[in-house]
Amino acid sequence: MNYIYIDKEPELKKALEHLSKGNIWFIDTETTPKDIRLFQVALEKGPIYIIDFLYIKSAKDFIKDIISTKGIVGHNLKFDLKYFLKYDIHPYTTFDTMIGAQLIGLNRVSLSNVYNHFTGEVLDKKEQFSNWGVKELTQNQLLYAAKDVEVLRLLYEKLKKELDKEPIIIDILQKSRVANVFNLRSSYAIVEMGFVQELAKIEYTGISIDQSEIEKQKQALLSKTQKIAMDFYINYRIDISSPKKLGEFLEKKLKIPMLHTQKDNISTDDSILMEYLDNEDKKVRDLISKVLEFRKLHKLQEKLEEVLGYSQNERIHPEFWQIGTITGRMSSLKPNVQNIPRELRNILKAKEGYTLVIGDFSQIELRIAADYVGDEIMISVINKGEDLHRFTASIITNKDPKDITKEERQMAKAANFGLIYGMSERSLAIYAKNSYGVEMTKEEARRFRDVFFHTFQGIKAWHDGIKKELRTKGEVHTKTMLGKPLTAHTFTDAANYPIQGTGAELLKLAVLIFAQEIKKSSLDASVVNLIHDEIVVETKKDQATEVSKLLEKAMKKAGSIVLRHVNVESEVITNNTWIK
DNA sequence: TACGGTAGCTCG
DNA sequence: GTACGAGCTACCGTAC
């Protein structure tokens with residue numbers, strides 16, 4: 001392997017002269033906690049340059065100009081890009097081999113795992129956590145640094161080939177930077193590769209939190225939960241937060257017949273406990289309601305602690321996994337900002353002088369499902385701007401849509417979601433009860449289901465197709481609407497995956513379009529949170545109106561690119577804190 | 001005392 | 001025959 005170590009400016013200039021000839025740079029960095037130490041870069045052929053930032057203070061400035069015209073290939077680029085953002089370094093576009101590996105379905109996606117997957121050989125990673133702050137780097141450290149870039153060239157070729165197998169091609173995406181520079185055709189891969197850069201920005205930016213509001217709420221909750229727990233212990237001699245003790249008490253002391261979990265523990269979750277809220281024994285009623293109240297408040301308290309634990313100067317920097325789920329949805333951690341209870345959303349806010357602009361896709365999964373399966377009735381109801389839940393309710397009750405009660409509509413909402421994804425009659429009845437408090441007999445559930453599938457025959461045909469494929473092949477091969485392949489082993493997985501996966505693509509594409517528009521307009525706006533069908537943006541107060549318009553437009557545009565028959569709608573609001 | 005599994009709850 | 005996808009905390013049993 002041919003590498004050149006560079007620690008002087010004239011040599012750097014010479015190297016960059018050579019490097020400027022290629023459009024694609026294969027890169028990696030070695031870092032200390034605070035800073036970049038080495039920047040390794042190579043073209044598709046030729047030597048690997050190892051640039052030592054410790055000895056060339058001007059290196060960042062030289063690289064900054066050239067890299068803004070290059071497509072960079074790297075493994076887990078979000079990591080490197082966050083360092084780049086610190087120095088205002090912006091590559092032209094990106095191709096991430098870790099994301100690529102996840103997209104083709106590999107479970108273990110470290111550089112060495114992916115290398116091993118394609119070559120069968122082992123990549124030595126011993127030097128990875130060596131000290132990159134020392135003055136004199138060892139030969140082994142330099143060899144290791146160069147090798148990481150060397151393997152990228154191979155992985156890039158292999159992954160590109162795999163990603164472009166049977167691509168779904170969408171013209172407008174072919175004009176993107178990713179498609180042009182890397183000659184990539186597959187739509188989902190284009191979106192995911194471009195999105196890496198946006199996600200790095202989101203993590204780097206973080207989001208403001210209202211520390212005093214958190215403290216205030218925390219104290220209020222603490223005094224309430226402590227009182228409940230203490231009273232509970234005095235009355236029943238049980239730790240209220242122990243489901244095990246509670247279950248034993250209910251079953252053995254109060255002689256209540258309790259359901260058991262699969263592992264034979266006593267089930268004490270809220271939906272079970274709620275069954276006893278109308279128990280004839282006042283003691284039981286009081287006990288249950290105290291437990292439910294305690295759990296609710298305690299959960300909120302925990303979430304406040306979780307957020308507070310990651311606070312740095314009134315801001316948090318949650319991590320996002322770009323391919324966080326099998327379907328391609330993101331996940332969020334440290335803290336998880338995708339499951340903050342509605343009651344607590346006001347703890348996330350815009351910084352001083354700024355405001356949040358919040359965009360939501362309206363009923364996006366239903367729209368995707370209608371489009372995906374091509375259900376004519378569903379498509380026509382949605383595109384006429386009618387309320388699909390009300391429509392379903394009117395079909396089932398045989399009433400005029402305008403006479404549908406709130407309860408009937410809620411019921412139909414449960415049916416629309418559940419039945420599309422293969423929910424059973426039994427589950428439908430349970431779901432209706434738990435989520436909407438609607439009692440439903442098994443017979444009602446069955447009739448509900450029959451009418452639903454008789455009306456939405458596209459959905460019916462789609463389900464039948466899945467069942468047949470599952471019967472004959474034992475698994476189902478599906479694709480998102482941008483072409484990401486997904487394999488399912490159960491009927492319900494096969495019904496869910498492509499819809500949820502397409503939703504994830506739609507959100508990412510919307511963020512890309514929005515970011516592009518913001519860049520063109522030179523408005524001061526940053527995406528600060530993403531929650532599956534929602535985009536949260538922080539922007540200067542006096543630019544909020546303009547940013548709102550761009551966000552709404554970007555979301556609809558993304559919708560029109562991904563869906564071909566169904567209109568996509570978005571609702572955008574402006575608020576200082578994150579409230580819907 | 002450390003760790004993994006489970007239950008429970010939050011979000012979409 | 002089966003709605004799906006996540007992350008975090010506390011509890012609880014087990015291993016050391």
Side-chain angles (χ1 to χ4, degrees), chain A residues 225 229 238-248 259-273 291-292 294-307 309-310 318-321 323-345 360-361 363-366 368-369 414-432 434-435 449 452 459 463 466-467 470-471 478 486 488-504 506-507 529-535 578 580:
Chain A
T225 50
I238 308 172
D239 176 1
I240 194 168
S241 59
S242 165
K244 190 174 148 68
K245 301 272 167 57
L246 176 67
E248 284 164 4
L259 288 173
H260 285 233
T261 65
Q262 286 190 351
K263 304 275 172 186
D264 203 34
N265 294 312
I266 301 164
S267 297
T268 60
D269 66 42
D270 285 6
S271 63
I272 302 274
L273 294 187
V291 172
L292 293 173
F294 176 85
R295 283 185 182 170
K296 178 79 194 160
L297 299 175
H298 191 69
K299 196 69 194 171
L300 296 175
Q301 206 177 304
E302 277 180 0
K303 194 69 201 185
L304 292 175
E305 296 285 1
E306 185 195 340
V307 172
Y310 292 100
E319 282 178 35
F320 289 89
W321 284 96
I323 313 293
T325 74
I326 195 165
T327 61
R329 266 193 182 181
M330 283 175 278
S331 66
S332 152
L333 63 158
K334 294 174 164 185
N336 182 348
V337 282
Q338 292 181 323
N339 73 345
I340 294 181
R342 295 179 172 285
E343 303 96 300
L344 296 183
R345 292 202 169 185
D360 254 89
F361 281 115
Q363 299 175 349
I364 193 61
E365 290 209 353
L366 289 180
I368 293 170
N416 280 335
F417 277 111
L419 294 177
I420 284 173
Y421 297 136
M423 192 184 258
S424 65
E425 288 147 24
R426 188 175 161 273
S427 300
L428 177 61
I430 294 170
Y431 182 56
N434 290 344
S435 299
R449 203 169 174 279
F452 180 91
I459 303 279
H463 280 186
I466 293 171
K467 283 176 185 164
L470 197 58
R471 261 201 314 276
T478 63
L486 296 165
H489 296 92
T490 66
F491 169 68
T492 51
D493 281 354
N496 260 279
Y497 286 1
I499 310 303
Q500 196 183 106
T502 301
L506 191 47
L507 184 82
N529 198 8
L530 297 171
I531 319 93
H532 311 307
D533 64 351
E534 178 179 357
I535 301 173
W578 183 29
K580 270 198 203 173

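What's counted below: heavy atoms across the whole structure, side chains too, no hydrogens, waters or symmetry copies. In the text below, chain A, chain B and the rest are named by the order of the sequence lines, each starting its count at 1.
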Short side-chain N/O contact from A/Thr268 to OP1 or OP2 of B/dG8, under 4.0 Å: yes
Between C1' of C/dA6 and OH of A/Tyr497, the distance in whole Å: 12 Å
Donor-acceptor under 3.5 Å (A/Asn416 side chain, A/Leu366 main chain): no
Sugar-phosphate, base or nothing in reach of A/Arg426, heavy atoms under 4.0 Å: nothing
Protein and nucleotides 8-10 of chain C: nitrogen or oxygen contacts under 3.5 angstrom:
| unit_1 | atom_1 | unit_2 | atom_2 | d |
| --- | --- | --- | --- | --- |
| C/dC8 | OP1 | A/Lys334 | N | 3.0 |

Options B/dG12, C/dA6, B/dG8, nucleotide nearest the side-chain atoms of A/Thr325: C/dA6
Consecutive-pair stems (3 or more, Watson-Crick or G-U, under 3.5 Å) for DNA chain C: B:1-12 with C:4-15
Under-4.0 Å side-chain N/O to phosphate OP1/OP2 contact, A/Ser424 with C/dT2: yes
Sugar-phosphate, base or nothing in reach of A/Ile499, heavy atoms under 4.0 Å: nothing
side-chain N/O A/Arg345 vs B/dG12 OP1/OP2, d < 4.0 Å: yes
Between B/dC11 (P) and A/Leu304 (CG): distance, integer Å: 13 Å
Sugar-phosphate only, base, or nothing, as touched by A/Leu419 at under 4.0 Å among non-hydrogen atoms: nothing
Any A/Arg342 side-chain nitrogen or oxygen under 4.0 Å from OP1 or OP2 of B/dG12: yes
Atom-pair distance (CZ on A/Phe491; P on C/dT2), nearest Å: 10 Å
A/Ser331 versus A/Gly324, closest heavy-atom pair with distance: OG-CA, 3.7 Å
salt_bridge(A/Lys303, A/Glu306) N-O dist < 4.0 Å: yes
Under 4.0 angstrom between A/Ser242 side-chain N/O and C/dC12 OP1 or OP2: yes
Distance in angstrom units between A/Met423 CE and C/dC4 P, rounded: 9 Å
Short side-chain to backbone donor-acceptor contact, A/Ser332 and A/Val337, under 3.5 Å: yes
Atom pair distance, as rounded to whole Å: CE in A/Met330 and C1' in C/dG5: 13 Å
Within-4.5 Å side-chain heavy-atom neighbours: A/Thr325 and A/Gln500: yes
Short side-chain N/O contact from A/Thr490 to OP1 or OP2 of C/dT2, under 4.0 Å: no
A/Arg295 vs A/Thr268 side-chain heavy atoms within contact, under 4.5 Å: yes
A/Asp360 vs A/Asp533 side-chain heavy atoms within contact, under 4.5 Å: yes
Spacing between A/Asn496 atom CG and C/dG5 atom P, to the nearest angstrom: 7 Å
Rounded distance in Å - CD (A/Glu425) to C1' (C/dG1): 11 Å
Pair A/Ser241, A/Asp239: side-chain N/O donor-acceptor within cut-off below 3.5 Å: yes
Side chain A/Arg295 and base B/dG8 donor-acceptor under 3.5 Å: no
Any side-chain heavy-atom pair of A/Leu273 and A/Leu246 under 4.5 Å: yes
Residue A/Lys245 excluded, over 12 heavy atoms near NZ under 6.0 Å: no
Atom-pair distance (CG on A/Leu259; C1' on B/dG8), nearest Å: 16 Å
